[in-house]
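I'd like to ask some things about the structure below.
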Amino acid sequence: MSSRSFVAVLLTLCLLAGCSKAPSDIASVTLVEYRVTDGTPGTTKPIALDLARFRQEQVKRLDTKGIDLDAQAASTRWRLKCRTQAVYGQLSPQGLSETVKSGPAVLVLRTELSLKPPGAETAMHQFWEERFESETVTGAVALEKTLLGLLDKGAQAQVNWMETRLTLLIKGETDLIGVLKDPRPGNRLAAIERLSMLRSKAAVQPMLDALAVEKNLAVRQRMIGAFAEMGDERAARALINMADTRQLDTLRSILNTLSVIGGERVLEFFELLSMHDAAAIRDMVSTARARLERSRKADSRKTSTERETQ
């Protein structure tokens, strides 16, 4: 086969495979909203960046990843909303400069993703913030060009983060459990978010194992909260065993989760802890017991209503 024939065959195969977009695991995700706002204070805004153009280019970049824009996407699709805020200007020793002089340009992008799984009533939320600063000082003439360069850099970084995070969130249960050992805290948090939404029973023991060695406070707190959503008694036993009255923030999270899970073991633990010497701990227990009691009464009323209607 001649080289020209080979190229023709290759092009044909690409067209058949849909090579207008890069192969992607996130092609099942549809972008239903992409909103951008300018969060720069008026007193420190030397120029106004074209954020409408930024939005258009980001939507195109996501489209090449396989995520198309469709505000009316069906509920059978993963529905994605992206909200971004840009803050930018010129730096001075006091922060953003109120007048354009000579200094480094800076841009901060803050992003919130809302991803709703097919058929779900609630969405998962992910947050990203990154700062981009010019390596050299800039004057008034070069400031706009420098800020546009930072905006383009930030745009690429945002899309890369979105692709990585979305690819993780749409994984299956088994793969998500594996992510609990990921060295990056943000990925562990994302996996916990999705597993808690799935109310994964298979993830309870791996999450308890991971909690026992987790050093990141934010990950620990989210994992403890996830057990409340899963509502598994195995978690209750483990959380009672690891409760440490010297770590008040973690203890508060554990008590909150136990008040949702409930059960005789939890009531006995609350009774024991209510006699602690520290007033702050007794107050925590009192709040948790009240929450558990309200939940039990609500469940009792619901059961009674269901019996009456049968």
Side-chain angles (χ1 to χ4, degrees), residues 21-36 58-59 61-85 109-130 154-211 214 216 218-232:
K21 294 182 180 180
S24 172
D25 292 333
I26 53 178
S28 59
V29 177
T30 298
L31 181 66
V32 297
E33 179 183 299
Y34 191 106
R35 185 184 303 176
V36 184
Q58 289 300 81
V59 170
R61 286 187 175 103
L62 292 171
D63 186 68
T64 63
K65 301 291 185 181
I67 304 175
D68 62 318
L69 176 62
D70 180 3
Q72 303 300 323
S75 60
T76 54
R77 306 274 294 172
W78 290 76
R79 295 165 58 86
L80 172 66
K81 294 182 180 180
C82 176
R83 296 177 181 175
T84 297
Q85 183 187 68
L109 287 180
R110 302 187 181 105
T111 300
E112 177 187 358
L113 294 185
S114 170
L115 182 65
K116 184 177 291 187
E121 295 182 0
T122 58
M124 297 173 286
H125 294 270
Q126 301 289 297
F127 300 90
W128 176 81
E129 179 175 322
E130 194 155 336
Q156 295 287 351
Q158 184 195 64
V159 169
N160 290 340
W161 171 77
M162 289 176 65
E163 180 180 23
T164 300
R165 190 51 53 85
L166 293 173
T167 300
L168 186 156
L169 287 170
I170 65 174
K171 286 181 179 293
E173 186 180 43
T174 301
D175 290 333
L176 286 166
I177 290 172
V179 178
L180 295 174
K181 297 181 179 179
D182 192 292
R184 292 159 293 189
N187 285 355
R188 299 199 298 278
L189 279 169
I192 294 165
E193 188 77 19
R194 178 60 178 146
L195 287 168
S196 66
M197 180 175 278
L198 290 170
R199 290 178 170 76
S200 171
K201 297 299 183 183
V204 171
Q205 191 56 54
M207 282 178 59
L208 289 171
D209 295 339
L211 180 61
E214 181 59 62
N216 185 286
V219 178
R220 285 179 60 84
Q221 299 286 68
R222 184 64 190 93
M223 198 178 297
I224 292 170
F227 290 125
E229 297 163 56
M230 293 174 173
D232 194 294

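Sequence positions, counted from 1, serve as the residue numbers for this chain. Remember, it's a predicted structure, so these values are computed and weren't measured experimentally.
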Checklist entry - Where do Gln156 and Arg61 come nearest, in terms of heavy atoms and distance? => result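 Heavy atoms of Gln156 and Arg61 come nearest at NE2-NE, 3.3 Å.
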Next on the checklist: Testing the basics here: between Arg222 and Ser196, what is the closest heavy-atom pair and its distance to 0.1 Å?
Outcome noted: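 Scanning both residues, the minimum pair turns out to be NH2-OG, 3.3 Å.
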Item to check | side chain to side chain contact (heavy atoms under 4.5 Å, CB included) assessment of Asp68 paired with Arg77 | outcome: CA-CA 11 Å; Asp68 62 318; Arg77 306 274 294 172; 4.0 Å; yes
Checklist entry - Do Met207 and Val204 come close enough that some side-chain heavy atom pair is under 4.5 Å? => result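 No, too far: nothing below the 4.5 Å cut-off.
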Checklist entry - Given Leu180, which of Leu211, Leu195, Asn187 fulfils the side-chain contact (heavy atoms from CB on, under 4.5 Å) condition? => result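 Only match with Leu180 under side-chain contact (heavy atoms from CB on, under 4.5 Å): Leu195.
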Checklist entry - Can you find a heavy atom in the side chain of Pro117 that is under 4.5 Å from one in the side chain of Met124? => result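 Of all side-chain heavy-atom pairs linking Met124 with Pro117, at least one is under 4.5 Å.
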Checklist entry - Looking at Arg35, His125, Arg83, which one forms a side-chain hydrogen bond (donor to acceptor under 3.5 Å, both in side chains) with Glu112? => result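 Checked Arg35, His125, Arg83 against Glu112; only one passes side-chain hydrogen bond (donor to acceptor under 3.5 Å, both in side chains): His125.
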Next on the checklist: Let me confirm one number: the CD-CG distance from Gln126 to Leu189, rounded to the nearest 0.5 Å.
Outcome noted: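 Going from CD on Gln126 over to CG on Leu189, the span is 7.5 Å.
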Item to check | Rounded distance [0.5 Å steps], CD1 in Ile192 versus CD in Gln221 | outcome: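 Reported to 0.5 Å precision, the distance equals 11.5 Å.
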Item to check | Distance, nearest 0.5 Å, that separates CD1 of Ile177 from CD of Gln205 | outcome: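 Separation between the atoms: 11.0 Å.
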Checklist entry - Restricting to pairs with a member in residues 154-201, which pass ring-ring contact (aromatic ring centres under 6.0 Å, His included), not counting sequence neighbours? => result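 ring-ring contact (aromatic ring centres under 6.0 Å, His included) check on residues 154-201 returns Trp128-Trp161.
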Next on the checklist: I'd like to know if the side chain of Arg188 reaches the main chain of Asp182, judged simply by a donor and an acceptor atom lying under 3.5 Å from each other, with no hydrogens or angles considered.
Outcome noted: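 The answer is yes, because a donor-acceptor pair under 3.5 Å joins these two groups.
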Item to check | Non-hydrogen atoms of Ala190 and Leu169 that approach each other most closely | outcome: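 Closest pair (atom of Ala190, atom of Leu169, distance): O-CD2, 3.4 Å.
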Checklist entry - Hey, is CD on Glu129 packed in by over 12 heavy atoms from elsewhere, all under 6.0 Å? => result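 Yes.
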Item to check | Reported CD-to-CG distance for the pair Gln85 and Leu109, which is rounded to 0.5 angstrom | outcome: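 Reported value, rounded in 0.5 Å steps: 9.5 Å.
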Next on the checklist: Could you tell me if the side chain of Glu229 sits less than 4.5 Å from the side chain of Met197, heavy atoms only?
Outcome noted: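 The answer is no, as the side chains (C-beta and beyond) never meet within the 4.5 Å cut-off.
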Checklist entry - Residues two or more places apart in sequence or in another chain: which of them pass side chain to side chain contact (heavy atoms under 4.5 Å, CB included) with Lys181? => result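 With neighbours one apart ignored, the set is empty.
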Checklist entry - Within the distance-only criterion (no hydrogens, no angle test), does the side chain of Lys201 pair as donor or acceptor with the backbone N or O of Met230 below 3.5 angstrom? => result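 Yes; at least one donor-acceptor contact below 3.5 Å.
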Checklist entry - Looking only at heavy atoms, what is the nearest atom pair of Glu163 and Thr167, with distance? => result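 Smallest interatomic distance, heavy atoms only, reads O-OG1, 2.7 Å.
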Checklist entry - Does some side-chain heavy atom of Trp78 sit less than 4.5 Å from a side-chain heavy atom of Ile170? => result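 They are in side-chain contact.
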Next on the checklist: Quick check: closest heavy atoms across Ala191 and Leu168, and the distance to 0.1 Å?
Outcome noted: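 Heavy-atom minimum between the residues: N-CD2, 3.8 Å.
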Checklist entry - Quick one: does Ser114's side chain get under 4.5 Å of Glu33's, heavy atoms only? => result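 No; the side chains remain at least 4.5 Å from each other.
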Item to check | Any side-chain heavy-atom pair of Lys171 and Arg194 under 4.5 Å | outcome: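 No, too far: nothing below the 4.5 Å cut-off.
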Checklist entry - Per the side-chain contact (heavy atoms from CB on, under 4.5 Å) rule, which among Leu80, Ile67, Ile26, Val29 passes with Met162? => result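 Testing Met162 for a side-chain contact (heavy atoms from CB on, under 4.5 Å) against Leu80, Ile67, Ile26, Val29 leaves exactly one candidate, Leu80.
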Checklist entry - Val32 and Lys81: which non-hydrogen atoms are nearest, and at how many Å? => result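 Minimum heavy-atom contact is CG2-CG, 3.5 Å.
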Checklist entry - Does any non-hydrogen side-chain atom of Thr84 lie less than 4.5 Å from one of Gln58? => result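 No. Closest side-chain heavy atoms not under 4.5 Å.
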